[in-house]
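Here's the structure we're looking at; comments come further down.
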Number of protein chains: 2
Amino acid sequence: MDQINHQRYYDCDDCLFKTISCQYIQKEEFEKLRSKSVQLRYKKGEVILKQGAKSTHFLFLRKGIIKFNYEDENGKNLILSINKAPALIGGANLVNAEFNLFSVCAIEECEGCTIDVALLTRIALGNTLYLFKMLQFITDIFRSSIFNFISLAHKQVNGRIADILIFLSQNIYLSNSFVLSLSRQEFAEFAGCSKENVIHTLRKFHNEGLITLEGKKIVLNDTERLLKISKHG
Amino acid sequence: MDQINHQRYYDCDDCLFKTISCQYIQKEEFEKLRSKSVQLRYKKGEVILKQGAKSTHFLFLRKGIIKFNYEDENGKNLILSINKAPALIGGANLVNAEFNLFSVCAIEECEGCTIDVALLTRIALGNTLYLFKMLQFITDIFRSSIFNFISLAHKQVNGRIADILIFLSQNIYLSNSFVLSLSRQEFAEFAGCSKENVIHTLRKFHNEGLITLEGKKIVLNDTERLLKISKHG
DNA sequence: ATCCAAAGATGAAATAATGCAGTTTTTAAT
DNA sequence: ATTAAAAACTGCATTATTTCATCTTTGGAT
């Protein structure tokens, strides 16, 4: 057997997916899932799921930060959402099993394991509580991206960038001070504006004392005022 | 018994919801659903589901056109998506049953019937194929709104308005010529720009021969060029 | 038919955002 | 340590968008 495909990075007993699953399904059934699953590691920038490809598996993201990326007809990228572990990636295809609507890429080193869609579906169909739990994972990601979009759709760039800073601080890095894993270009693809506009705006926030910029390191000094800018005051 | 609550506008035997349901569940079970259900009619502008309210029922929309509306902290409205019958409204709460995230309003006269969430959930939990079918209804609406947002997030107003015109023509009115059920203000709330910008842009398209504007009546004369504008050419 | 209110339309000034061209800094490779 | 390439930054001209003031049309109410 090919050792590369069977490399173990962590013990499944420590994994949240096992913990949650075993609240609903039998250990033997979980073992079936596990036997079909492979642990994987992704470096920053690596593509986890490719837009347009047939999705044959989910990925349970155990560690790391990812982006959902949509590439349009002109090759322009749009980041739909940024999520951190734990998350079930690729679930949008559980119901309508077709091709991946978006790419998923690691923006920090990631760790997780593949999950066989066909098998998970079969198990979930026989256990509706488990099915609902899996669906919750999936709709959580949908919901978070919709609220990002609401911000995009009716705020100006100041407000959108303030929103993103607050989002990253409160939902991803869980601190007022963080090292941004996004390039300015990616930030712009998330904010729906040009990279120059991101740079100008971040600099303005820095000059006004709202944030402190030191290359990739960002400190939010005045979340209150950022919230006011977000609310378009 | 109060006659008003039992008014019948149409025969359930003609209803797609019955047809679909009865492919999966027993007639007797459908009768239970029907016995808890009430037929309703909504005039243009009426609120079907109210943002923030506890959702006690779904609505199967049998006829008409609706908008999903999100009102922000400042009272500004954003139209997330426009959908036509048939559709299952309120389904976003099937999985995470909490409060309505958005309002749903009729933008054309609508007809439909309420469906008891608790009962539908109970039946669906015992019949996973039916559950999947219901989930498909729900995710369809999610998906359509996400693609609207992609257009919003990385196109300029010309492209967004072209997108909306094409969307309305191909997905809602199913014709190159239609009477717009949205006011200019609502169009702007869908396009994420000012109403003046909508008016200016529609007028420009009219002057360039792309469309013909006659008040609420719009004819798309050159879908090819609109598509080019949408693709930002 | 008349009036009123709401929606639609218009143009111009003010503001916001983009795109460019060039510079500096950072990062990675040798 | 040196170099090359990529990313970050800057200021400015151009373009896009909003906002405002004003005017016209439309569709109900009475």
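Atom P of nucleotide D/dA7 and atom NE2 of A/H200 are separated by 19 Å, given to the nearest angstrom. At whole-Å resolution of the value, NZ in A/K195 and P in D/dT10 are 14 Å apart. We find that CG of B/N197 is positioned 17 Å from P of C/dA12, with the value rounded to whole Å. Remark: P of D/dT10 and CG of A/N207 are 8 Å apart, rounded to the nearest angstrom. Atom-to-atom, CG of B/L182 to P of C/dA7 comes out at 13 Å; the value is rounded to the nearest Å. Following rounding to the nearest Å, A/K44 (NZ) and C/dA28 (C1') show an atom-to-atom distance of 14 Å. Remark: P of C/dA17 and NZ of A/K204 are 8 Å apart, rounded to the nearest angstrom. Across the protein-nucleic acid pair, B/R184 atom CZ and C/dA7 atom P stand 12 Å apart, rounded to whole Å.
Residue contacts shown for B/Q156 are limited to sugar-phosphate atoms, with no base heavy atom under 4.0 Å away. Base contact: B/S194 has a heavy atom under 4.0 Å from a base atom.
Taking CG of A/D72 as the reference point, atom CG of A/N77 lies at 8.0 Å (rounded to 0.5 Å). Taken to the nearest 0.5 Å, the CD1 atom of A/I89 stands 10.5 Å off from the CD1 atom of A/I115.
Ring geometry for A/F102 against A/F68 counts as perpendicular: the plane angle is over 60°, on a 0 to 90° scale with 30° as the lower cut.
Of the candidates B/Q39, B/R41, B/K63, B/Q39 is the only one forming a side-chain contact (heavy atoms from CB on, under 4.5 Å) with B/Y10.
An OP1 or OP2 oxygen of D/dA7 is reached within less than 4.0 angstrom by no side-chain nitrogen or oxygen of A/K216.
Judged by atom type and distance alone, A/E196 does not reach the base of D/dC9 through any side-chain donor-acceptor pair under 3.5 Å.
In this structure, of C/dA9, C/dT18, D/dT18, it is C/dA9 that holds the atom nearest to the side chain of B/I199.
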